[in-house]
Amino acid sequence: DKGGWSSFMAKEVSEQPDAVANTLRGRVSDSGVHIPELEALGDDVLAGITRIVVVGCGTAAYAGLVAKYAIEKWAGIPVEVELSHEFRYRDPVITRETLVISISQSGETMDTLMAVKYAGDAGARTISICNTQGATIPRESDAAIYTHAGPEVAVASTKAFVAQMTALYLFGLHLARVRGTLTNDEVAVELGELEAIPAKLTTVLETGGSVRQLAHWMADTRAVLFLGRHVGFPVALEGALKLKELAYIHAEGFAAGELKHGPIALIEPGQPVFVIVPSPSRSALLHAKVVSNIQEIRARGARVIAIAEQGDAAVLPFADEVIPIPLAAPLFEPFLAVVPLQLFAMELSLAKGLDVDQPRNLAKSVTVE
Ligand code: BG6
């Protein structure tokens with residue numbers, strides 16, 4: 001049931017504040033973060049982990065890439081993110097102290113299931129982040145942290161992505177407490193940021209109208225580039241994936257720092273480039289670097305669409321469009337910055353008359369390897 005929305009995609013994008021709030025519910029209290037599902041593994045086991053490998057496919061892998069920045073910062077433990085199908089068919093180093101976290105909305109993606117089985121057989125501890133109660137991947141794992149995004153029907157993932165990041169951030173804070181790398185007060189600050197996300201998501205969703213206009217202007221676009229730095233980099237990858245999936249447009253996401261090492265050669269007059277701009281107040285250094293990237297591509301004729309913090313005056317002279325997002329601590333920006341990119345892909349798909357819920361050639365859950 002689309003509940004009055006024109007598509008499941010529109011409905012699910014709009015449900016993102018609830019997807020985050022429901023995934024937090026019951027797991028945050030005055031005494032900090034509490035994830036009962038992790039008791040299956042035990043805090044002593046988590047304290048002894050020396051390395052984390054996150055596996056997933058598509059959007060799920062990008063949620064993992066975002067979380068890598070948070071978990072390494074908070075828990076001081078190395079985190080690698082690998083596509084499930086690549087992990088499974090090489091000879092990854094796995095020990096009893098390796099924790100493999102799989103991310104899968106459906107819990108049935110065969111590539112990810114095989115990676116989890118492989119990791120378990122090799123002696124790793126396994127945790128599943130999953131949105132579907134009782135699915136195969138959580139059953140194959142030592143512990144499961146469920147996201148509570150509600151059923152996701154549209155093939156391209158949206159609300160599951162923000163819910164996956166929420167669950168991973170909760171896990172990172174749990175791990176930081178177990179390992180003693182953050183004080184209770186520090187954990188409380190980060191939890192406060194997380195709890196503020198649903199209301200900020202509601203604000204970002206209000207940019208829908210201006211994004212729709214932009215999509216209509218760009219309905220003939222043949223290629224779009226996305227640039228981001230730090231946690232904005234995986235958001236750029238996700239923005240490009242959404243555009244490929246929904247609007248069948250060639251799209252690439254790049255780390256902004258990589259621009260001068262190759263991608264800048266793609267910039268010609270009129271080339272649309274979305275740039276995810278870090279907060280000027282909270283990450284001044286990265287902000288300056290990304291603004292300088294914007295100047296470089298603008299000088300070569302790029303059409304710049306900046307996703308930037310509300311009131312960021314530095315981007316105004318160089319951007320053709322600015323889509324504002326509310327202020328958030330740097331690690332929390334992906335929750336907000338991804339939304340205009342989802343909306344853009346959806347609106348462009350609609351402007352081209354495509355089926356936004358069931359794009360050609362794709363399946364919601366790929367249960368073959
Ligand atoms: C793809 C879907 O086939 O599988 C994507 O089209 C999704 O939207 C990916 O991100 C992974 O799916 P899951 O269920 O493992 O998260």
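Values reported hereafter were calculated over all heavy atoms of this structure, with side chains retained and with hydrogens, waters and symmetry mates removed. Counting begins at 1 with the first residue of the sequence. Start at 1 and go down the list; that is how both ligands and their atoms are numbered.
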Using modelled atom types and a 3.5 Å cut-off, is there a donor and acceptor pairing between side-chain atoms of [X] and backbone atoms of [Y]?
X: Glu333; Y: Ser279; answer: yes
X: Thr95; Y: Glu97; answer: yes
X: Gln105; Y: Ala160; answer: no
X: Tyr62; Y: Leu241; answer: no

Please state whether Val155 comes within less than 4.0 angstrom of ligand 1, counting heavy atoms only.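 Yes, Val155 has heavy atoms under 4.0 Å from ligand 1.
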
Nearest protein heavy-atom contact for [atom]: which residue, which atom, what distance?
atom: atom 12 (O) of ligand 1; answer: Thr109 OG1, 3.5 Å
atom: atom 14 (O) of ligand 1; answer: Ser106 OG, 2.6 Å
atom: atom 16 (O) of ligand 1; answer: Gln105 N, 2.7 Å
atom: atom 9 (C) of ligand 1; answer: Cys57 O, 3.7 Å
atom: atom 5 (C) of ligand 1; answer: Glu245 OE2, 4.0 Å
atom: atom 10 (O) of ligand 1; answer: Thr59 N, 3.2 Å

Spacing of CE belonging to Met218 relative to CD1 belonging to Ile305, to within rounding of 0.5 Å: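 Rounded to the nearest 0.5 Å, the CE-CD1 separation comes out at 4.0 Å.
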
At less than 4.0 angstrom from any non-hydrogen atom of Ser157, what atoms of ligand 1 do you find?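 Per the distance check, 8 (O).
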
Taking only heavy atoms of Val366 into account, list the atoms of ligand 1 that are under 4.0 Å away from them.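 Near Val366, meaning under 4.0 Å from one of its heavy atoms, ligand 1 has 3 (O).
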
Mind checking whether [X] contacts ligand 1 via backbone (N, CA, C, O), side chain (CB onward), both or neither, at a 4.0 Å heavy-atom cut-off?
X: Glu108; value: neither
X: Thr112; value: neither
X: Ser365; value: neither

Kindly list each side-chain donor-acceptor pair under 3.5 angstrom involving residues 340-351, sequence neighbours excluded, with atom names and distances?
unit_1 : atom_1 : unit_2 : atom_2 : d
Gln342 : OE1    : Gln16  : NE2    : 2.7
Gln342 : NE2    : Gln16  : OE1    : 3.1
Glu347 : OE1    : Arg212 : NE     : 3.4
Glu347 : OE2    : Arg212 : NE     : 3.2
Ser349 : OG     : Leu246 : O      : 3.1

Should Glu296 and Arg300 count as an ion pair when the cut-off is N to O under 4.0 Å?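 Not counted as a salt bridge, because no side-chain N and carboxylate O are separated by less than 4.0 Å.
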
With side chain to side chain contact (heavy atoms under 4.5 Å, CB included) as the test, pick out the partner of Val162 among Val13, Thr147, Leu336, Val20.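 Only match with Val162 under side chain to side chain contact (heavy atoms under 4.5 Å, CB included): Val20.
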
Testing Ile323, Asp320, Thr207 one by one against Leu214 for a side chain to side chain contact (heavy atoms under 4.5 Å, CB included), which residue passes?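 Among Ile323, Asp320, Thr207, the one meeting side chain to side chain contact (heavy atoms under 4.5 Å, CB included) with Leu214 is Ile323.
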
[X] to ligand 1: N or O pair under 3.5 Å?
X: Lys364; value: no
X: Gln164; value: no
X: Ala363; value: yes

Sequence neighbours excluded, which residues qualify as side-chain contact (heavy atoms from CB on, under 4.5 Å) partners of Asp357?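 Testing Asp357 for side-chain contact (heavy atoms from CB on, under 4.5 Å), a comparison that skips the adjacent residues, returns Lys2, Ser7, Phe8, Met9, Ala154, Asp355.
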
